[in-house]
J.: 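I'd like to ask some things about the structure below.
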Amino acid sequence: MQLRFFIILILISQFANAQPTANAGIDQTIILPMNYCVLYGGFPYSRKSSATAISSFSWSQVSGPNTATLSRRLDTFQTINTSDSVVFVSGLIQGTYTFRLQVTDANGTSQDDMQVIVQAAPALNTNTKSITLTNGVYHPNNAQTALNVNRGDTIFLDGALLDSTDNIDLGNIHGSAAQPIYIMPKNVPVKIRSLSLGNSGLGATGDIRFSYIIIDGRLNGTPHSINSKQYALYSGHHVELAYCRSDYSFQTAIHIAGYMEKAKTDARDLLKFPAMNRVGYYIHDNIVNLPAEEGFYGGPTSLTNQGWDTTKYHPRGDSLFVYNNIITNTGRDGIQVGGFNRAWIFNNSTDNNGRNGVGGQGSAINLGTLTTGRIYNNYMRKSWRNGSFLNGYGTIVYENNYLDSCAFFETSGNAIVYVNSSQHNPERTPPRTVTVQGNYFRNPYSSLFTGLSAKDFGDNSTTFRNNFIWRPNGGSDWYYFSDPQVSISGNQSVSNINWPSWPLPRVCGPTLMGTECVNVFRKKFKVKMRIR
């Protein structure tokens, strides 16, 4: 009896003295001219103790060849605070940096260091070559070595020999800013099951990262000559997916968020380099039809794991451009984005989104939690639920979009444009401002707009102005607000407007292939566009 009591006392003592575990993530190597990176120390890396949640994340630079800038965003250099499990680091020069993360909860404090090695820009590869794939390959962590791929090389997919059962899985493959690696079709159009880069979900070990990759689906100038049921672009930076096609995907058609394999007992063993470090993604001029889930998935809609004690995690990234895509007949959302500090979603044409009727899904465009960005010039036709969800983060602009018969099959009266409260923001990082202006709505189901500012998070008010509604069949009030802080002005009900054709004509946009319009996009969302 005494021995039992003694053991219980030991266990109680150990439980009471449990400390949180800090984990600043894996070491990183970047190559100039890229002079910035993302540090992530949230779940599943850092772990709380027995306390309710981690109350503080504190990042600092321990050493390095100069003093780097740690900020919430790369462009505004917003000061970090103790709610930030992720930070952006900029102003790096050649050399080795050490950064420290300190986490605190009710039971104590823990700290961990990680290194960022910045290498000089490589010399040009003067012996570029082409490599032709004629069947499925699986090199998720050693493609650079296994296929002998170097900067500036081209990987051809031979459409005459590949078929719809082939999977192309590549990782640890790196081009450079001056010499990206191209993946292109050859001989005849390509039809395969999947094309994956940095696919941690397959349980691969080792380095699965990739960088400066261009997947160009044009064959002798003809677009959409690569048809893969799924494109999984997980653990990399500076990647472009253009002029490709996806028909009848078994899951999401274009997936850049990554995921965790639930069978793993410790998610940290799987996420060697998770998709929380995405920078520079260009997704444009693609066609998606009939995916079982989302047409494009760039991160979760919402997340509530303030305690960092579940299997949920949230990808983080910067500079996402999604434009000129045609997305039809999706099972869930047409376009869903989460966890990007800057996301531009424009000039996309969507139709019949959310046919699976999954609760909380089914919108044409869904801007999820922790995302700052702009949604404009999109044509959204016949979504089963809401036209758009705007959970968001920071500054969100939603303008000049055309929504036709959105919430078409909705019977509960959900809004066409829905601005959610920040209860889905796990790091509690408002203030947030949302501007909804100059949009055109035709034949909405019931209410057009609703929003709620969560005052305990310090949300700023939402502005709803100069929008237009055409309800040819009559109906109830065309907008409704549950947010007492909303600002409403200049909205009109119209009998007819000049409706755009479907799909929308193409416009210029930034690409990894070139820099057209990039500088314009980054000047406070003041965008100038021209038809090609």
Side-chain angles (χ1 to χ4, degrees), residues 157 159 162-164 166 168 182-186 188-197 214-233 239-256 281-298 320-337 344-356 363-366 375 377-383 401-402 404 500-513 531-532:
L157 306 181
L162 292 164
D163 60 40
S164 59
D166 285 317
I168 309 296
Y182 281 81
I183 300 177
M184 301 181 68
K186 182 179 180 180
V188 298
V190 175
K191 189 172 184 179
I192 56 177
R193 187 174 188 272
S194 69
L195 176 55
S196 302
L197 301 178
I214 296 174
I215 304 172
D216 185 345
R218 291 175 292 190
L219 176 63
N220 299 323
T222 302
H224 313 123
S225 295
I226 295 179
N227 189 339
S228 174
K229 288 182 180 296
Q230 185 179 56
Y231 302 87
L233 313 173
V239 59
E240 180 172 0
L241 178 70
Y243 305 104
C244 292
R245 187 179 183 97
S246 174
D247 289 322
Y248 300 95
S249 174
F250 43 88
Q251 292 178 330
T252 298
I254 303 173
H255 198 320
I256 70 170
Y281 273 68
Y282 307 86
I283 312 296
H284 67 91
D285 293 281
N286 302 290
I287 294 178
V288 171
N289 183 43
L290 276 170
E293 298 183 5
E294 291 85 1
F296 171 82
Y297 183 85
L320 168 67
F321 304 90
V322 182
Y323 63 94
N324 287 358
N325 300 288
I326 300 174
I327 299 177
T328 57
N329 302 309
T330 64
R332 296 192 179 185
D333 297 307
I335 297 172
Q336 178 175 314
V337 175
W344 289 260
I345 304 172
F346 64 96
N347 218 71
N348 300 284
S349 297
T350 70
D351 185 38
N352 195 29
N353 300 116
R355 58 186 171 81
N356 287 347
S363 63
I365 297 179
N366 189 333
I375 301 173
N377 287 17
N378 299 283
Y379 191 0
M380 296 166 254
R381 186 171 68 177
K382 196 188 295 186
S383 61
N401 298 289
Y402 290 75
D404 187 356
S501 60
W502 193 96
L504 291 175
R506 298 188 332 178
V507 300
C508 72
T511 65
L512 188 55
M513 299 177 188
I531 302 298
R532 279 180 176 168

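From a predicted model like this one, the values you see are computed outputs, not experimental measurements.
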J.: Indicate yes or no: at least one non-hydrogen side-chain atom of Pro223 is less than 4.5 angstrom from one of Arg218.
T.: yes
J.: Is there side-chain contact between Tyr379 and Pro503, with heavy atoms separated by less than 4.5 Å?
T.: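 A side-chain contact under 4.5 Å is absent here.
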J.: Relative to the ring of Tyr323, is the ring of Phe346 parallel (under 30°), tilted (30 to 60°) or perpendicular (over 60°)?
T.: parallel
J.: Does Asn353 reach the main-chain N or O of Asp333 with its side chain, forming a donor-acceptor pair under 3.5 Å?
T.: no
J.: Is the closest side-chain heavy-atom distance between Asn324 and Val507 below 4.5 Å?
T.: yes
J.: Indicate yes or no for a side-chain donor-acceptor contact from Thr330 to the backbone of Glu293 under 3.5 Å, with no hydrogens or angles considered.
T.: no
J.: Testing Tyr231, Tyr297, Phe296 one by one against His255 for a ring-ring contact (aromatic ring centres under 6.0 Å, His included), which residue passes?
T.: Tyr297
J.: Indicate whether the side chain of Asn347 and that of Asn377 have a donor and an acceptor atom separated by less than 3.5 Å.
T.: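 On atom types as modelled, these side chains do not qualify, holding no pair under 3.5 Å.
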J.: Would you indicate whether the side-chain heavy atoms of Asp166 and Leu157 approach each other to under 4.5 Å?
T.: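 The answer is no; the side chains never approach within 4.5 Å.
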J.: When Asn378 is tested against each of Thr350, Asn325, Val322, Ile365 for side-chain contact (heavy atoms from CB on, under 4.5 Å), which residue passes?
T.: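 Of all the options given, the one that passes is Ile365.
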J.: Counting C-beta onward and ignoring hydrogens, is there a side-chain heavy-atom pair between Lys382 and Asp351 closer than 4.5 Å?
T.: yes
J.: For Thr252 and Glu294, does a side-chain donor sit closer than 3.5 Å to a side-chain acceptor?
T.: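 Their side chains do contain a donor-acceptor pair, which is all the 3.5 Å distance test asks for.
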J.: Would the His284 and Tyr243 ring centres measure less than 6.0 Å apart?
T.: yes
J.: Find out whether Ile375 and Ile335 are in side-chain contact, i.e. whether some heavy atom of one side chain is under 4.5 Å from a heavy atom of the other.
T.: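 No, every pair of side-chain atoms sits at 4.5 Å or beyond.
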J.: Which is it for Leu290 and Arg355 under the side chain to side chain contact (heavy atoms under 4.5 Å, CB included) test, yes or no, and what are the steps along the way?
T.: CA-CA 9 Å; Leu290 276 170; Arg355 58 186 171 81; 3.6 Å; yes
J.: Output the distance between atom OG (Ser349) and atom CD1 (Ile327), rounded to the nearest 0.5 Å.
T.: 9.5 Å
J.: For Lys229, is there any backbone N or O sitting under 3.5 Å from a side-chain donor or acceptor partner on Ser246?
T.: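 Present.
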J.: Could you tell me if the side chain of Pro189 sits less than 4.5 Å from the side chain of Leu219, heavy atoms only?
T.: yes
J.: Using a 4.5 Å cut-off on heavy atoms from C-beta on, say whether the side chain of Trp502 contacts that of Ile326.
T.: yes
J.: When rounded to the nearest 0.5 angstrom, what is the spacing between CG in Asn227 and NZ in Lys191?
T.: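 Answer for the CG-NZ pair, Asn227 versus Lys191, is 6.0 Å.
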J.: Taking atom types as modelled and ignoring hydrogens, do the side chains of Thr328 and Asn289 form a donor-acceptor contact shorter than 3.5 angstrom?
T.: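 Note: Thr328 and Asn289 side chains meet the donor-acceptor criterion.
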J.: Taking all heavy atoms of Gln251 and all of Pro291, pick out the closest pair and write down the distance.
T.: O-CB, 3.7 Å
J.: What is the distance from atom CD1 of Ile283 to atom CG of Asn286, rounded to the nearest 0.5 Å?
T.: 7.0 Å
J.: Evaluate the criterion side chain to side chain contact (heavy atoms under 4.5 Å, CB included) for residue pair Ile168 and Ile183; output intermediate values, then yes/no.
T.: CA-CA 11 Å; Ile168 309 296; Ile183 300 177; over 6 Å; no
J.: Measuring from Tyr182:OH to Ile214:CD1, what's the distance to the nearest 0.5 Å?
T.: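 The CD1 atom of Ile214 is 3.5 Å from OH of Tyr182, to the nearest 0.5 Å.
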J.: If you measure from CG on Leu162 to CG on Leu195, what distance do you get to the nearest 0.5 Å?
T.: 10.5 Å
J.: Measure the CD-CG distance between Gln336 and Asn366 for me, rounded to the nearest 0.5 Å.
T.: 4.5 Å
J.: I'd like to know whether Leu320 forms a side chain to side chain contact (heavy atoms under 4.5 Å, CB included) with Ile256, so could you lay out the CA-CA distance, the side-chain angles of the two residues, the decisive distance to 0.1 Å, and finally the verdict.
T.: CA-CA 10 Å; Leu320 168 67; Ile256 70 170; 4.0 Å; yes
J.: So which atom in Ser194 and which in Ser228 form the shortest heavy-atom distance, rounded to 0.1 Å?
T.: CA-OG, 3.2 Å
J.: Would the number of heavy atoms belonging to other residues, nucleotides or ligands and lying under 6.0 Å from CZ of Phe250 be above 12?
T.: yes
J.: Write down the atom of Ala253, the atom of Val288, and the distance for their closest heavy-atom approach.
T.: CB-CG1, 3.5 Å
J.: Take the angle between the ring planes of Phe321 and Trp344 and call it parallel below 30°, perpendicular above 60°, tilted in between.
T.: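 Parallel.
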